[in-house]
Chemist: 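Mind having a look at this structure? Questions to follow.
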Number of protein chains: 2
Amino acid sequence: MAEPLDPDMFAGCPPVAAPVRIGDKWTAKIIRCLESGARRFTEIQAPLRGITPKVLTESLRAMERDGLLTRTPYEEIPPRVEYELTDLGRSLLEPMNAGCEWSRKHLAELMHARETWHAATP
Amino acid sequence: MAEPLDPDMFAGCPPVAAPVRIGDKWTAKIIRCLESGARRFTEIQAPLRGITPKVLTESLRAMERDGLLTRTPYEEIPPRVEYELTDLGRSLLEPMNAGCEWSRKHLAELMHARETWHAATP
DNA sequence: CAGAATCCGGTTCGATACTG
DNA sequence: CAGTATCGAACCGGATTCTG
């Protein structure tokens, strides 16, 4: 869990690449960020390319409310807050992996169908 | 495929019960409707409780565009159109089943966490 | 029967600026 | 560092009405 997150870890995952979605737009990626252990706010923010603090906070709060992760603030200056997956949150990795495997196998086919679509319409 | 669809087949699947989503709001349910064979527009519409023709058309067109199903109109009066899953569309059943299994196992836990949330905030 | 056309409201998401 | 506050745009999804 000490390893820093690769800022480009989601380079190959544009929104279009997710016909299988977990929760809202960011939930699945946040779970991936926490897969290898607890992380701080800015650590999670980095790979999520351009997510605003507001939206990240909203997503994290919703996930905390649903019991997917825990939020533990430390009374320090400067402040430090750590987010960590619960067992429930970790259990989502299973359907997530099924979705990822589907994308790896079939997404190219879907994208191809989508692109050749305009060829056959008035 | 001759069996009519149960109009209540999605009674236990409110939107809140789908932290794992396939495509848009209706895609997964439409796939379920077509799982056992080709269906007509109104056949699909019935179990989808209150979906408007506009939204159903949009969903079906998007799925056709993505190669998930085929649309075959018959030149009759009154008109008849049949929708049928492609192999690609059928392949989505695998991640869908993974998502359904997760819900069966863990959704109650998530809902419980969500409800007991307000007990611990100022 | 299987839709098309039009209008509309809510939620989601983001940009920007500010703070303990 | 880890947020909050405000504003606004975009994107579904839905209601209603009409038609070949």
Side-chain angles (χ1 to χ4, degrees), chain A residues 4-5 7 10 13-16 18-19 21-30 33-34 38-66 69-84 121-122, chain B residues 4-5 7 10 13-19 21-30 33-34 38-66 69-84 114 121-122:
Chain A
L5 292 174
F10 297 120
C13 304
V16 68
R21 274 179 59 163
I22 309 286
D24 74 348
K25 184 176 178 181
W26 301 102
T27 303
K29 289 179 179 178
I30 292 173
C33 289
L34 300 178
R39 298 285 181 182
R40 306 179 59 169
F41 190 88
T42 44
E43 276 188 294
I44 302 171
Q45 194 178 19
L48 266 34
R49 289 298 154 118
I51 191 176
T52 62
K54 177 203 159 200
V55 173
L56 180 54
T57 300
E58 284 172 357
S59 299
L60 289 169
R61 291 287 197 278
M63 293 173 71
E64 187 191 4
R65 169 176 57 83
D66 285 351
L69 52 76
T70 59
R71 175 180 181 275
T72 62
Y74 297 86
E75 299 296 332
E76 306 174 0
I77 304 287
R80 180 166 59 98
V81 179
E82 285 197 341
Y83 296 91
E84 189 166 16
T121 46
Chain B
L5 292 173
F10 297 120
C13 303
V16 68
R21 274 179 58 163
I22 309 286
D24 74 349
K25 184 176 179 183
W26 301 103
T27 303
K29 290 180 178 178
I30 291 171
C33 288
L34 300 178
R39 298 284 181 183
R40 307 179 57 169
F41 190 88
T42 43
E43 275 188 294
I44 302 171
Q45 194 178 18
L48 267 35
R49 289 300 155 115
I51 191 177
T52 61
K54 176 206 158 196
V55 174
L56 180 54
T57 300
E58 283 172 357
S59 299
L60 289 169
R61 290 286 196 279
M63 293 173 71
E64 187 191 6
R65 171 177 55 85
D66 285 351
L69 51 76
T70 58
R71 174 181 181 274
T72 62
Y74 296 86
E75 299 297 332
E76 305 173 359
I77 305 285
R80 180 166 59 99
V81 179
E82 285 196 342
Y83 296 91
E84 189 167 17
R114 187 177 292 188
T121 44

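The structure presented is a predicted model; accordingly, all values stated were derived computationally and were not measured. To find a chain, count down the sequence lines: A is the first, B the second, and so on, and within it residues start at 1. What's counted below: heavy atoms across the whole structure, side chains too, no hydrogens, waters or symmetry copies.
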Chemist: To 10°, what angle do the rotation axes through the five end pairs on each side of the helix from dC1(C)-dG20(D) to dG20(C)-dC1(D) form?
Modeler: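 The value is 50°.
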
Chemist: Give me the residues of residues 70-81 of chain B where at least one heavy atom lies under 4.0 Å from an atom of DNA chain D, by number, or none.
Modeler: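 Output list: Pro79(B).
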
Chemist: Using 0.5 Å steps for rounding, measure from the CE atom of Met63(A) to the OG1 atom of Thr70(A).
Modeler: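 OG1 of Thr70(A) is found 11.0 Å from CE of Met63(A).
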
Chemist: Whole Å only: how far is the CD1 atom of Ile51(A) from the P atom of dT4(D)?
Modeler: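 The distance from CD1 of Ile51(A) to P of dT4(D) comes to 14 Å, rounded to the nearest Å.
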
Chemist: Using whole Å, report how far CD of Glu43(B) lies from C1' of dA2(C).
Modeler: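 The distance from CD of Glu43(B) to C1' of dA2(C) comes to 13 Å, rounded to the nearest Å.
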
Chemist: Quick check for you: to the nearest 0.5 Å, what is the distance between Lys29(B) atom NZ and Ile51(B) atom CD1?
Modeler: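 The CD1 atom of Ile51(B) is 9.5 Å from NZ of Lys29(B), to the nearest 0.5 Å.
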
Chemist: Is a side-chain N or O of Glu43(A) found less than 3.5 angstrom from the main chain of Arg40(A), in a donor-acceptor match?
Modeler: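 Yes: the side chain of Glu43(A) pairs with the backbone of Arg40(A).
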
Chemist: How close or far is atom P of dC1(D) from atom OH of Tyr83(A), stated in whole angstroms?
Modeler: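 Result: 14 Å.
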
Chemist: If only atom types and distance count, is the side chain of Gln45(B) paired as donor or acceptor with the main-chain N or O of Thr42(B) below 3.5 Å?
Modeler: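 Checking the backbone N and O of Thr42(B) against the side chain of Gln45(B), no donor-acceptor pair under 3.5 Å is found.
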
Chemist: Should Thr42(A) be listed as having a side-chain N or O under 4.0 Å from OP1 or OP2 of dA2(D)?
Modeler: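 Indeed, a polar side-chain atom of Thr42(A) lies that close.
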
Chemist: For the CG atom of Asp24(B) and the CD1 atom of Ile30(B), what is their distance to the nearest 0.5 Å?
Modeler: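 Atom-to-atom, Asp24(B):CG and Ile30(B):CD1 are 7.0 Å apart.
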
Chemist: So which atom in Arg39(B) and which in Pro4(B) form the shortest heavy-atom distance, rounded to 0.1 Å?
Modeler: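 Answer, listing the atom of Arg39(B) first, then Pro4(B): NH1-CA, 4.0 Å.
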
Chemist: Between dG3(C) atom P and Leu56(B) atom CG, what is the distance in whole Å?
Modeler: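 In whole Å, dG3(C) P and Leu56(B) CG are 8 Å from each other.
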
Chemist: Side chains of Arg71(A) and Leu60(A), heavy atoms from C-beta outward: is any pair under 4.5 Å?
Modeler: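 Not in contact.
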
Chemist: Minimum heavy-atom separation for Cys33(B) and Phe10(B), please, with both atom names.
Modeler: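 Closest heavy-atom pair between Cys33(B) and Phe10(B): SG-CE1, 3.9 Å.
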
Chemist: When you compare the protein's N or O atoms with those of nucleotides 11-13 of chain D, which come within less than 3.5 Å of each other, and at what distance?
Modeler:
residue	atom	partner	partner atom	Å
dG13(D)	OP1	Lys25(B)	N	3.1
dG13(D)	OP2	Asp24(B)	OD2	3.3

Chemist: Should Arg40(A) be listed as having a side-chain N or O under 4.0 Å from OP1 or OP2 of dC1(D)?
Modeler: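 Checking Arg40(A) against dC1(D): no side-chain N or O falls below 4.0 Å of OP1 or OP2.
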
Chemist: Output the distance between atom CH2 (Trp26(B)) and atom CG (Leu56(B)), rounded to the nearest 0.5 Å.
Modeler: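 Going from the CH2 atom of Trp26(B) to the CG atom of Leu56(B) covers 9.0 Å.
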
Chemist: Could you state the atom-to-atom distance from CG of Leu60(A) to P of dA2(D) in whole Å?
Modeler: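 About 11 Å, once rounded to whole Å.
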
Chemist: Do Thr27(B) and Ser59(B) make a side-chain contact, defined as non-hydrogen atoms from C-beta onward lying under 4.5 Å apart?
Modeler: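 Answer no - side chains too far apart.
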
Chemist: What is the distance, rounded to the nearest whole Å, between atom CG of Leu48(B) and atom P of dG3(C)?
Modeler: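 It is 15 Å, rounded to the nearest whole Å.
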
Chemist: Answer yes or no: does a side-chain N or O of Arg61(A) lie under 4.0 Å from OP1 or OP2 of dT4(D)?
Modeler: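 Answer yes for this pair, as a side-chain N or O of Arg61(A) is under 4.0 Å from OP1 or OP2.
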
Chemist: Indicate whether OP1 or OP2 belonging to dG14(D) is found under 4.0 Å from a side-chain N or O atom of Arg49(B).
Modeler: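 For dG14(D), OP1/OP2 do not have a side-chain N/O of Arg49(B) under 4.0 Å.
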
Chemist: Specify the closest pair of heavy atoms between Leu34(A) and Tyr83(A), including all atoms of both residues, with the distance to one decimal.
Modeler: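 Closest heavy-atom pair between Leu34(A) and Tyr83(A): CD2-O, 3.5 Å.
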
